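Right, one structure below, let's go through it.
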Amino acid sequence: MREYRPHAAHWGSFDAIIEDGRLVGVRPFAHDPQPGALIQAVPDVVQSAARIDRPHVRAGWLRGERRGSERGDRDFVPVPWDQAIRLVAEETRRIRQAHGDASIFGGSYGWSSAGRFHHARSQLHRFLGLGGGFTNQVTNYSYGAGMTLMPHILGTNEVVHGPVTDWSSLEKHTRVMFCLGGLPLKNTLVTSGGAGAHEYIPWLRRLVAAGVRFINVSPLRSDAPDFLNAEWVPIRPNTDTALLLAMAHALLREGREDRGFLSSHCVGWDRLRPYILGESDGVAKTPEWAAPITGIPAGRIRSLALDLASAPSMLGATWSLQRAEHGEQPWWALVALAAMLGGIGKPGQGVSFGYGSMNGMGTPRRHLPSVSMPAVRNPGGIAIPVARVTELLERPGSILQYNGRDIPLPDIRMIWWAGGNPFHHHQDLNRLLRAWNRAETIVVQEPWWTAAARHADIVLPATTTLERNDIASSSSDRFVRAMHQAIAPLGQARSDHDMLADMAEHLGFRERFTEQRDEAAWLRHIYERWRQACGRLGETVPDFDRFWQEGHVEIPSPEEDFVLFADFAADPVAHPLNTPSGKIELYSETIAGFGYGEIGGHPRWQEPSEYLGAPLAGRYPLHLLSYQPATRLHGQLDNGPVAAASKIQGREPLLMHPEDAAARDLADGDIVRVHNDRGASLAGLRLDAGIRPGVVAMATGAWWDPQGGLDVHGNPNVLTRDVGTSRLGQGCSAQSCLVEVEAFEGPAPGVTVHAPPRPRVEAVRGGAA
Ligand SMILES: Nc1nc2c(c(=O)[nH]1)N[C@H]1C(S)=C(S)[C@@H](COP(=O)(O)OP(=O)(O)OC[C@H]3O[C@@H](n4cnc5c(=O)[nH]c(N)nc54)[C@H](O)[C@@H]3O)O[C@H]1N2
Ligand SMILES: Nc1nc2c(c(=O)[nH]1)N[C@H]1C(S)=C(S)[C@@H](COP(=O)(O)OP(=O)(O)OC[C@H]3O[C@@H](n4cnc5c(=O)[nH]c(N)nc54)[C@H](O)[C@@H]3O)O[C@H]1N2
Ligand SMILES: [Mo]
C-alpha cells in the first residue's frame, strides 16, 4: 500500500511516498511553483550505505589515547547505546571539572536539517548551556564579514538577509539591475529552515517581462540564467572594490552624484570623495586605474556607471563577494555607490545583498517570525566568530581581535559537533586537522559517515528528518510545513534530542532539558508560541491540530510592496538609522577607531594576498572559486544520485576556460590535480567558455577523501586559505585562493568516502552490540 506523508527539507517540500515501511519516492509540494530536483535524491540518501548504523568509539580513544592522537584512522569499535551515553556524559563531567566549562567547544556550526524542534545544533546548545556552559561560535560562513560590517554603516542586517526590497517593487520601478556575482539559479534551490515555495524563477520572469535590464558582473557567465538576457561583465575575482570605486570616480567626473542625498542621508562623504579622487592618497581611482586590476576596459566601466545614473537602478551583490580577504570592502563600496546614486529607500532602487544567494530573498511576504525553539543562555558567554575555529584550537591563551573586542581564546579539550560538518565548511582542511587533533575528545552526532564523523572519537548515529516528526519554518518563506515521520529509524539511529536527554539524565538535569515534554508536546508548544506571536502582529493562523492535519499553513502575500529604508529615505530625522550618526556611514569613526590597519574608516581598494594580480600568481596562476553546488546542499546529498550524475569519474567537476586547458594540454573529462602549497585535490575537468580565462571553479561539498595527503574526490577546502576577511568581520575568505592545475598521471585512486569505514576485525569481535 502507498502512503503519502507531508515533509520538508532545506532543498524543498514534498510528500514522502512510503511502501511497506520504505521510502520509495517523493512527490513535490503542491504549492511549489518550481520544485527543484534535489528532493529526488532523498530516498537514496536516507537509505544509503553511508548511514551510521550504531554508536562507534575510536579504538585508540578507548585505550586512553587523547591529546594529539591521529584521527581519521577508521579504527572504530561499535558500542551499545547505553555505553556510548555513559562514556560521553562522564567525559563531559571530567572535562568540565578538570579544565572548566569553556574548554568544551560546542559551537557546532552547520545547517543541520530543516525542522525547528529537532534542529541538532539548537538541541546541543540547549544541552551544553543547561549543563554549565561552553565555548560557542557567532556569525556564520555565509555572510559573517558583511553582517559585522552592516550594523556600523547601515544600522541593520536586513540588507544582508532580508527582508529586502521585494520583487513586486522591483517589477514596477527598477529599470536596471546591477548584479555583482549575478543571480545564480542554483543557489535559490534552498532556504534555511525549509523551502516551501520556489518563487524565484517566476518573479525573475516577471521582471524580464517588465523590461528590466540585467547586468551580470561575475567571472562566470552562467551566474545569470539565459532567460535574463543579461550583459556579462567578466571581472577578475576579488577586484569588485576597484570596479566600484572607478564607477564612483566616473560619476564624480560627470557631476552625476546626488549631492542632496549625500548630505542629508550620509556622513563621511567629505572623507570618501578625496579618496576616490586621489587627493588623500595620490591615486585617482579612475576607470583607467581600475582596468588592469579588474580586467574590464575603462570605457566599459565608465558606461556602466552612467547607465546606473540614467535609470532607476537596484545594486546587488551575492554573499560570495565578502567571503574573501578584505571581503568587507566590496559591500561597503557598493553601499557608497548606491548612496551616490541617491536611490537607497526609493521603490525598486538602492542596494541589497543576496538576491541571488538563497530562495526567499525578495519574495513578497508578511514579516512574521519563524517557528523556533526558545533560546537557552550560555553561562560562560565565550564565543568566537565561526570561521576562526582553527585559530581557536591552535593558540589557546592568546587573544583574537574581532570587531573592536579582544577575545581570550580558551584551551579547548573537547570538541562536540551536531548538525554541521567542519571538514566540509572550513578552509585549509589539512591545517584544521592538525589543530583538531589537539583535542582530547571529539564527539560527533551525524546520520552519515561524513569526514567529520570519521575524524571523531565518539560517533553517535542520528536519525534523519524522515524518521521523526517536526515543523519546517523559515522567516523567508510563506509556508510553515508539517514534517510527518515517514519511516522507522534506520539501524540504531536516535534523534539528537533523545540522545542528549539521556545524557542529561546521567548528569542530573533531564527534567530541565526536556521540560517534561516529549516530541509531540514540544511540537505543539513551539507551534502555539509562534501562533501567539503571529496573533500579536495581527495575523491569524490555524491551531496546531488543524495545521498538523492539513500539513501546512500558508501566510498570504502582503497587499503593499516592501521597500527597505523607505521611512529613512522619506525623513532621515524622524526615522534615523541605527548607526552612531543616524545616517549612512560612508566613513565610520567607530571602525576607524578600532585601529585595524587592514580596514579603515571608509571603503578602499586593498590587494588581497591571493588574486590574479598578486605576486603569488606567478607560481599559482589560476584563481579558484569554490561556489555553492547545484547538485546538493553543501556536503548534504553528496552521496546521492543527483550529485553522482554531475561528477566526472566520481570526482567533482572543475570548470576551466578552453584556452587555459589548451595551454596545459588538458582535455574535457581528464582527471586533474589541483594544487597549491596548502594541499592537492583530484577533480574532473569540464571545459566552459563561459568562465573568465585565468579563473577555475569547483563547487563545495564533495566529501573529503584524503588518501596519503591527496584528496581524491574534489573538495576545494584542501586548497582554500584560512585567514579572516579582516579583524573587523573575521569572516571566512574561501574565495581568495590561487592554484595550479595539471594532468594526473597514472590510475587515479578510487573514491572510498561514501562507504562506511572498515572496522578492524578484532574491534568488531570485541565490541559488537
Ligand atoms: N570553500 C568554500 N567553503 C565554504 C563555502 C564556500 O563558499 N566555499 N561556503 C560556506 C558556507 S556559506 C556554509 S553555510 C558552510 C556550510 O557548512 P555546513 O552547514 O557545515 O555543511 P552541511 O553539509 O550542510 O553540514 C550539515 C551536517 O549536518 C548533518 N545533519 C543533517 N541533519 C542532521 C540531524 O538531524 N542531526 C545531526 N546530528 N546531523 C544532521 C548533515 O549530514 C551534514 O553533515 O560551508 C562553508 N564553506
Ligand atoms: N543548491 C544550493 N544552493 C545553495 C547552497 C548550496 O549548498 N546548494 N548554499 C546556500 C548557502 S549556505 C549560502 S550562504 C548561499 C551562498 O550564496 P552565494 O555566496 O551568493 O553563492 P556562491 O555560489 O558562493 O557565489 C555566487 C557567485 O558569485 C560569483 N563570484 C565569486 N567570487 C566573486 C567575485 O570576487 N566577484 C564577483 N563579481 N563574483 C564572484 C561566483 O561565480 C558564484 O557563482 O547559497 C545558498 N544556496
Ligand atoms: Mo552559507
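Since this is a predicted model, take the numbers as computed values, not measurements. Each ligand, and each atom within it, is numbered from 1 in the order the structure gives.
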key: ligand 1 contact on Ala120 by region, counting heavy-atom pairs under 4.0 Å   = side chain
ask   = For ligand 1, which atoms sit closer than 4.0 Å to a heavy atom of Thr463?
value = 35 (O)
query = Could an N or O of ligand 2 be found under 3.5 Å from any N or O of Thr239, whether backbone or side chain?
reply = no
ask   = Quick check: are there more than 12 heavy atoms from other residues, nucleotides or ligands sitting under 6.0 Å from CZ of Arg71?
value = yes
note = Within the 4.0 Å heavy-atom cut-off, what Tyr141 brings close to ligand 2 is neither
ask   = Would you say ligand 2 has an N or O under 3.5 Å from any N or O of Lys186?
value = yes
key: Which segment of Ala462 sits under 4.0 Å of ligand 1 when only heavy atoms are counted   = side chain
inquiry  = Test your reading of the structure: does Arg323 have an N or O sitting under 3.5 Å from an N or O of ligand 1?
reply    = yes
query = Identify the closest protein heavy atom to atom 33 (C) of ligand 1: which residue and atom is it, and at what distance?
reply = Ser113 OG, 3.7 Å
query = Heavy atom under 4.0 Å from ligand 1: found in Trp448's side chain, backbone, both, or neither?
reply = side chain
task = Pick one of side chain, backbone, both or neither for how Pro629 approaches ligand 2, counting any non-hydrogen atom pair under 4.0 Å.
result = both
ask   = Do any nitrogen or oxygen atoms of Ser626 lie less than 3.5 angstrom from nitrogen or oxygen atoms of ligand 1?
value = yes
remark   = Counting heavy atoms under 4.0 Å, the part of Ser495 that contacts ligand 1 is neither
Thr450-ligand 1 polar pair, N/O distance under 3.5 Å = no
ask   = What about Thr720: any of its N or O atoms under 3.5 Å from an N or O on ligand 1?
value = no
Per-residue contact class, Asn187 against ligand 2 - non-hydrogen pairs under 4.0 Å = both
Heavy-atom nearest neighbour in the protein, as seen from atom 42 (O) of ligand 2, with distance rounded to 0.1 Å = Asp223 OD2, 2.5 Å
message = Give the atom numbers and elements of ligand 2 that come within less than 4.0 Å of a heavy atom of Leu633.
response = 5 (C), 6 (C), 7 (O), 8 (N), 9 (N)
Distance flag, aromatic centroids of His161 and Phe353, threshold under 6.0 Å = no
